[in-house]
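Report on the following structure.
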Amino acid sequence: MVIAKNSILLNAEPFGFGPAAAIAAIAAMLQVHNVPLGYIGEDHTHDLQQAIGYRDRYDVSGHGPKTRLRVWREAAQIYGTFMTAMDFAAAEQAQRAGMQVIVYDALSWYWPDIPDAIKKADLYIAQDFYGVRPRVAAEISPHTKTKVVPPIVSCCSSTKQRDVVLLNLGGLQNPIWQEAQAVNYARVMVAAVRSIFPPPQKLRIATSRRIAQALQDPDVKTYGAGEIQTILSRTSLAIMTPGLGNIYDSAAYSIPTVWLPPQ
């Protein structure tokens, strides 16, 4: 039995921090309207959800098909709607569990072929970008109710105290390379940036929880969505992985930015 007609189970693709950051921002908006929320996801996607008051959290990291099926059936008894940021496999699981499905997609312009999960969704929310509107009209709208929205960026009020250099390594974890490679990349970049900005410069280094644990460096931390917004508002220079979410944050906060080489 669903606890509330408008209850929503949220999810993000475990690829970098962009999808998880977008869902955290959406969750904050929904909380203002007292929507009952839960979260289901894998690995580092949980890192940015810590400050969100979710009623339930389901961690399916490393779970096999049978365990995942059990978790999905349990969640479907509680949540009537599932919303994901680009985790199309999870969308298909939710559809099989009988839930209404909303897909938020920052990469509508990118996909060579439109995933079936999008065509079967109850609502498709596409982030605007070059070519998105005509593509949505031609390839998606005939199948699915759609809405094109501006980039989802959560801004804090600006401050005159711009005294922080930010090294943002939030986009390193993805299925394309091994975690050990991501850790080595992070270690090299931390050492390089430290050599350029030694104390007393205020250097903030942000990354996922597992990479921070592997580096065992007290200055390398995982920040919640609200914490990173505060840091961005005080950042005079950012050095960041070149994900689309980071690009939008850099623009929204008017931060001079050095983009790191692709991993």
Same hydrophobic cluster for [X] and [Y], using side-chain heavy-atom links shorter than 4.5 Å among ILVMFWY?
{"X": "Val220", "Y": "Phe17", "answer": "no"}
{"X": "Phe15", "Y": "Leu172", "answer": "no"}
{"X": "Tyr253", "Y": "Val258", "answer": "no"}
{"X": "Ile211", "Y": "Ile239", "answer": "yes"}
{"X": "Leu9", "Y": "Ile78", "answer": "yes"}

Checking [X] side chain against [Y] main chain: does a donor-acceptor pair fall under 3.5 Å?
{"X": "Ser7", "Y": "Gly80", "result": "yes"}
{"X": "Thr222", "Y": "Thr207", "result": "yes"}
{"X": "Ser236", "Y": "Val164", "result": "yes"}
{"X": "Arg68", "Y": "Val60", "result": "yes"}
{"X": "Thr84", "Y": "Asp87", "result": "yes"}
{"X": "Glu139", "Y": "Val136", "result": "no"}

Minimal non-hydrogen separation, [X] against [Y], with atom names:
{"X": "Leu107", "Y": "Asp105", "answer": "N-OD1, 2.8 Å"}
{"X": "Met99", "Y": "Phe82", "answer": "CE-CB, 3.8 Å"}
{"X": "Ala94", "Y": "Val101", "answer": "CB-CG2, 3.9 Å"}
{"X": "Pro115", "Y": "Phe88", "answer": "CG-CE1, 3.6 Å"}
{"X": "Ala121", "Y": "Thr144", "answer": "O-CG2, 3.1 Å"}
{"X": "Thr146", "Y": "Ser141", "answer": "OG1-OG, 3.0 Å"}

Run the side chain to side chain contact (heavy atoms under 4.5 Å, CB included) test on Leu167 and Phe197 for me, step by step, so that the C-alpha distance in whole Å, both residues' side-chain angles and the decisive distance to 0.1 Å come before the verdict. CA-CA 11 Å; Leu167 173 58; Phe197 299 102; over 6 Å; no
Could you walk me through whether Leu37 and Arg55 pass the side chain to side chain contact (heavy atoms under 4.5 Å, CB included) test, one step at a time? CA-CA 6 Å; Leu37 299 176; Arg55 183 168 300 187; over 6 Å; no
How long is the span from the [atom1] atom in [X] to the [atom2] atom in [Y], to the nearest 0.5 Å?
{"X": "Met29", "Y": "Ile152", "atom1": "CE", "atom2": "CD1", "value": "5.0 Å"}
{"X": "Gln49", "Y": "Ile40", "atom1": "CD", "atom2": "CD1", "value": "12.5 Å"}
{"X": "Ser108", "Y": "Gln127", "atom1": "OG", "atom2": "CD", "value": "8.0 Å"}
{"X": "Ile255", "Y": "Asn246", "atom1": "CD1", "atom2": "CG", "value": "10.0 Å"}
{"X": "Ile247", "Y": "Met240", "atom1": "CD1", "atom2": "CE", "value": "8.5 Å"}
{"X": "Lys119", "Y": "His143", "atom1": "NZ", "atom2": "NE2", "value": "4.5 Å"}

Steps toward side chain to side chain contact (heavy atoms under 4.5 Å, CB included) verdict (Arg210, Glu179): CA-CA 9 Å; Arg210 285 171 62 173; Glu179 186 175 306; 2.6 Å; yes
Minimum side-chain heavy-atom gap [X]-[Y] below 4.5 Å:
{"X": "Val103", "Y": "Met86", "result": "no"}
{"X": "Leu260", "Y": "Leu169", "result": "yes"}
{"X": "Arg187", "Y": "Asn184", "result": "yes"}
{"X": "Leu237", "Y": "Pro256", "result": "yes"}
{"X": "Val193", "Y": "Leu203", "result": "yes"}
{"X": "His44", "Y": "Pro14", "result": "yes"}
{"X": "Ile102", "Y": "Tyr124", "result": "no"}
{"X": "Ser250", "Y": "Trp259", "result": "yes"}

If the threshold is 4.0 Å, N to carboxylate O, is there a salt bridge linking Arg204 and Glu227?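 Salt bridge absent between Arg204 and Glu227.
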Does the distance from a Lys or Arg side-chain N to an Asp or Glu carboxylate O, for Lys145 and Asp122, drop under 4.0 Å? no
Under a plain distance cut-off of 3.5 Å, with no hydrogens placed, do Asp47 and Tyr223 share a side-chain donor-acceptor pair?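 On atom types as modelled, these side chains do not qualify, holding no pair under 3.5 Å.
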Side-chain donor-acceptor contact under 3.5 Å, Ser61 with Glu42: no
Name the orientation class of the two ring planes belonging to Tyr79 and Tyr58 (parallel below 30°, tilted from 30 to 60°, perpendicular beyond 60°).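 Perpendicular, since the angle between the ring planes exceeds 60°.
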Any idea how His46 and Tyr39 line up, ring-wise: parallel (<30°), tilted (30 to 60°), or perpendicular (>60°)? perpendicular
Run the salt bridge (Lys or Arg N to Asp or Glu O under 4.0 Å) test on Arg194 and Asp217 for me, step by step, so that the C-alpha distance in whole Å, both residues' side-chain angles and the decisive distance to 0.1 Å come before the verdict. CA-CA 12 Å; Arg194 267 209 184 110; Asp217 186 320; 2.8 Å; yes
Given side chain to side chain contact (heavy atoms under 4.5 Å, CB included), test Arg96 with Trp72 step by step and report yes or no. CA-CA 9 Å; Arg96 286 194 290 269; Trp72 277 103; over 6 Å; no
Has Arg73 got more than 12 heavy atoms of other residues, nucleotides or ligands less than 6.0 Å from its CZ?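 No, the 6.0 Å shell around CZ holds no more than 12 heavy atoms from other groups.
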